[in-house]
Amino acid sequence: MKKRTFGSKVLSACLALSALLVQAAPPSYAANGQEQKAETGKVAQETVAFTDLGNSYARNAVNRLAGQHLISGQGDGRFNPQGTMSRQDVAVLLAKVVGLQPSQIEQAVFADVPKESPYAPFVYGLSDLGVMTGRGNQTLGGSDPLTRQELAVILSRLMKASGVPKAPAQSTVAYSDEADIADYAKAAVEEVTNQRWMQGAAGKFNPNGTVTRAEAAVIAERVLDARYQQAEQADFTVNTPRLSVLAGTSERLEVKYTKGDKLPFTPIFAFDRPELGTVLADGTFVAGPTPGKGNLTVTVGYKTVTVPVEIKDAGKPPVAETEESSSTGTTTPPADSSQAGESKSATESEKAATDPANAADDNQQPAEEEEAVAPAEQDELVNIAPGSFTSVATFGPPDSYFQQVEKQYPGPVGGLVTPSEEWTGYNRQFGRKVTVALNEAKPLERVTLTFKQQKTSGITLPEYMEVEVSRDGKAWSYAGRAVHDVPAAETQVVVRTLAVTLPDVHTRYVRVSFPVKVFAFARQLEVWAKNESDWQGGAVLLPPPSPAQVMEDQKTVRRVENMLLAYSGAYGERGTWTKEDFLPMVGYRTADGYMRDQMFDTILFLPYQNMPVTKEGWRGYMNDLFGTGKQLDALNQAMREYNRLRGTLYTTPTQENVVLALPYPNAAQTNFGQIADNKPSLSFNPAGIGEEQAYLNRKAALEWYFQELLKRWNKEGYTYLKLEGIYWFHELIEDSAPKERTLIRDMASMVHNEALRFYWIPYFGAPGVAEWKSLSFDYAFLQPNYYSDKPVQLDRIEGVLDVVSKYGMGVEIEGDERMYRDPKFYQTYYNQLVAAHKLGMDKNNVHAYYYGSKTLIESANSKDPVMRAIYDDTYKWMRGRFDREEYFEATELP
């Protein structure tokens with residue numbers, strides 16, 4: 001393998017980039033490529049059925065690995081679980097599982113594995129890692145059966161090479177046949193036993209026994225799960241939070257693992273302004289001759305760090321940066337699209353986007369002079385995408401209506417890979433995966449795609465672009481993502497090219513993913529490659545696609561069914577939710593501790609009523625919401641544990657929906673605080689400033705909070721949470737507040753523009769209940785207010801349900817700690833369940849649940865059968881299996 005000397009090439013790269021910036025667009029290619037649009041998103045985990053597995057202990061592992069194309073059968077629908085595993089077969093399996101990317105073979109080292117062999121890329125990749133060695137006679141013994149002690153040694157080396165942390169040593173590792181274990185394998189056997197990757201049977205390790213295909217599959221699955229966990233928890237740091245360089249110079253970023261000396265995966269770098277500079281595969285940023293700003297993204301595993309970049313004029317020295325920026329790895333999950341419940345302004349925006357005259361209008365003044373410069377050949381790089389077959393899949397099932405809308409913007413003949421200035425439009429359906437099948441495998445160095453934002457036409461830049469690679473188009477590896485800092489609210493035309501740099505990965509298939517809210521417009525998908533690899537960074541290790549991302553791709557329109565209100569930000573322990581608090585709420589846990597099913601699929605986080613109506617008060621609540629080990633972070637941890645207990649953590653993990661609240665800008669507030677340093681403190685009170693200004697101030701405060709909320713959410717990148725919607729915190733329409741209805745509709749438009757839904761829970765008899773649909777809420781739940789000191793009669797319960805039915809609302813189920821000690825409140829809780837059940841409202845409806853603070857947790861954890869039954873009966877009611885038909889009478893006790 002040829003090696004690159006990066007240090008000696010930085011200057012030439014700078015010069016080449018300078019030439020790139022002034023060079024014309026690349027020459028035209030024959031537009032003979034084909035593009036298949038909007039096909040159904042393919043399921044990464046396919047269903048594979050082998051006829052000879054029966055009740056084999058390896059069945060689940062085999063089916064899972066086969067579904068991910070990491071292992072295959074032996075023809076005729078058979079897996080042959082008791083067949084032996086050869087050394088070269090194990091090399092292929094473990095290389096795929098650990099994410100080792102194939103490389104070009106310059107010369108065969110083992111006489112029995114020629115470089116043309118299909119085993120060669122895997123065998124020599126593991127050999128370069130020091131994981132597999134030969135027999136001492138310049139052969140691998142590739143077709144020889146592998147013994148269990150040989151596999152233990154390979155796994156021990158693989159653990160070290162891939163940075164898998166060692167499990168704590170057990171007090172004793174004793175096998176009755178320990179004397180049969182060769183000296184060279186003793187330490188490895190102990191290590192893999194501690195790791196629980198190999199454990200023997202009946203007290204024996206059987207070191208000289210051959211590894212069966214069933215055993216290999218089970219062990220490989222354990223290694224795969226370890227790699228998933230590494231990718232998910234890949235905490236790393238970058239040596240600088242911000243990068244400031246002179247035009248025409250370069251600087252290299254250093255990436256370090258916080259949990260050890262060795263990074264578990266190869267860092268992948270990306271940049272969102274290739275017209276200003278480029279980032280090499282080793283993290284060297286090469287600035288072009290033009291000053292400007294961009295964002296460099298570092299990905300390790302599933303986590304990313306964004307480093308703002310400023311290129312200074314060569315005549316001026318860089319200015320020291322003082323602004324703080326986190327350098328801890330985080331992921332930014334995609335935002336879902338919404339297909340219903342949009343505000344009037346959002347709908348009008350979409351109509352504008354469907355007008356070709358508007359959508360194709362590039363005559364608006366752009367926010368920056370940043371029209372993407374099409375890269376030309378640089379440093380022997382060639383764009384090999386033109387003419388390739390491409391397919392486009394939606395995230396989840398395609399929608400025929402939106403597909404028809406898309407046909408107005410088909411893009412150039414030959415598809416997205418065609419070098420053309422013509423835009424291809426994508427309408428809703430959550431997002432797209434564009435797969436490019438290159439004509440041949442090449443060492444890839446860069447993947448770029450250009451997007452446009454034209455907010456007035458409903459076209460916004462996707463928050464990110466992700467890249468995956470595959471040697472065969474079946475087994476995929478996740479490379480990384482590129483992000484930008486263009487706000488969704490930017491109304492001027494902006495064009496950005498997102499570029500992900502690859503470490504000369506030698507492969508043939510590339511997949512680019514990006515979310516779509518209303519419209520995304522893209523052009524010029526480019527894949528830059530060399531004829532020969534000269535990467536000098538060693539073995540390239542990439543994780544498999546994230547199970548959470550795979551689930552996002554397969555999602556349908558399933559939204560909220562059962563939403564639990566979680567108050568936080570005050571009252572000490574009562575307002576602090578932990579992982580242990582959330583676990584029996586997100587999952588239904590039986591009395592004997594078994595996690596049987598999902599409980600509440602959505603958590604609504606909202607502040608207590610005593611939150612100060614000031615900027616600092618709102619910020620304080622937000623800081624608490626995103627605090628470590630509590631609230632959102634605790635919910636994410638609980639969902640990870642829920643998936644682990646359910647056995648879905650690394651297969652089909654469940655994500656919890658999250659709804660976040662907008663604080664209410666009370667019109668009595670005259671000193672909210674400064675939104676910007678050069679602006680006065682905002683007043684929400686129309687006295688002295690007028691109704692219009694008070695309305696504008698309230699709107700500005702809410703917009704500030706919402707944008708800060710989204711930034712914090714995107715920065716944290718919760719793997720097991722999905723932001724579903726935003727909640728309007730006030731429980732009535734305040735007629736005395738400045739332009740209240742206009743403000744609510746403005747907020748609905750703002751929320752819908754982010755493809756989120758807008759929620760409201762007014763109280764029984766509140767002003768505005770009948771107007772909820774015209775106010776652009778997507779869901780409204782009626783708050784019954786049963787929990788007062790006055791007795792609640794049955795006609796009140798039925799009256800609430802009449803209002804719910806009349807206005808098409810959902811109902812909030814109410815309970816608090818008094819139902820555990822006061823029969824009146826116990827009866828009220830059950831009677832509302834009975835009433836709703838009798839009307840059939842417990843089936844196929846969306847519900848909200850209020851329990852004071854954390855009341856239902858007490859029931860879930862109680863050993864008292866009456867208290868515990870409240871939790872169990874609530875779960876049954878959620879599932880439509882509640883069977884009580886008669887109301888509790890006033891004198892009836894549990």
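- Counting only heavy atoms from C-beta outward, the side chains of Pro291 and Lys312 never approach each other to under 4.5 Å.
- Salt bridge Glu463/Lys517: present, at least one basic N to carboxylate O contact under 4.0 Å.
- Note that the NZ atom of Lys452 and the CG atom of Leu461 stand 10.5 Å from one another [nearest 0.5 Å].
- Between Thr424 atom OG1 and Gln524 atom CD the span is 10.0 Å, to the nearest 0.5 Å.
- Between Asp778 atom CG and Lys773 atom NZ the span is 11.5 Å, to the nearest 0.5 Å.
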Worksheet item: What do the steps show when you test Arg496 against Asp485 for salt bridge (charged side-chain N to carboxylate O under 4.0 Å, His left out), and what is the final call?
Response: CA-CA 10 Å; Arg496 281 285 167 91; Asp485 61 357; 3.5 Å; yes
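- The distance from the OG1 atom of Thr418 to the CZ atom of Arg523 is 13.0 Å, given to the nearest 0.5 Å.
- The pair Glu468-Lys433 meets the salt-bridge criterion, with a side-chain N (NZ, NE, NH1 or NH2) lying under 4.0 Å from an Asp/Glu carboxylate O.
- Interatomic distance, Asn753 CG to Phe706 CZ, rounded to the nearest 0.5 Å: 8.5 Å.
- Applying the ring-ring contact (aromatic ring centres under 6.0 Å, His included) test between Tyr759 and each of Tyr779, Trp728, Tyr727 identifies Tyr779 as the sole match.
- Residues Leu702 and Leu743 have side chains in contact (heavy-atom distance under 4.5 Å, counting atoms from C-beta outward).
- Val495 has its side chain within reach of Trp423: a pair of non-hydrogen atoms, C-beta onward, lies under 4.5 Å apart.
- Taken from CG in Leu710 to CE in Met750, the straight-line distance is 8.0 Å, to the nearest 0.5 Å.
- At a threshold of 4.5 Å between non-hydrogen side-chain atoms, the residues Phe389 and Thr435 do not count as touching.
- Residues Pro462 and Tyr464 are not in side-chain contact: their nearest non-hydrogen atoms beyond the backbone lie 4.5 Å or more apart.
- Put simply, the residue from Phe521, Phe402, Tyr426 that forms a ring-ring contact (aromatic ring centres under 6.0 Å, His included) with Tyr409 is Phe521.
- With Trp528 as reference, Thr448 is the one residue of Leu444, Thr448, Leu502 to meet the side-chain contact (heavy atoms from CB on, under 4.5 Å) rule.
- The distance between the ring centers of Phe451 and Phe514 falls below 6.0 angstrom.
- Of the possible polar contacts, one joining the Glu490 side chain to the Gln492 backbone as a donor-acceptor pair under 3.5 Å is found.
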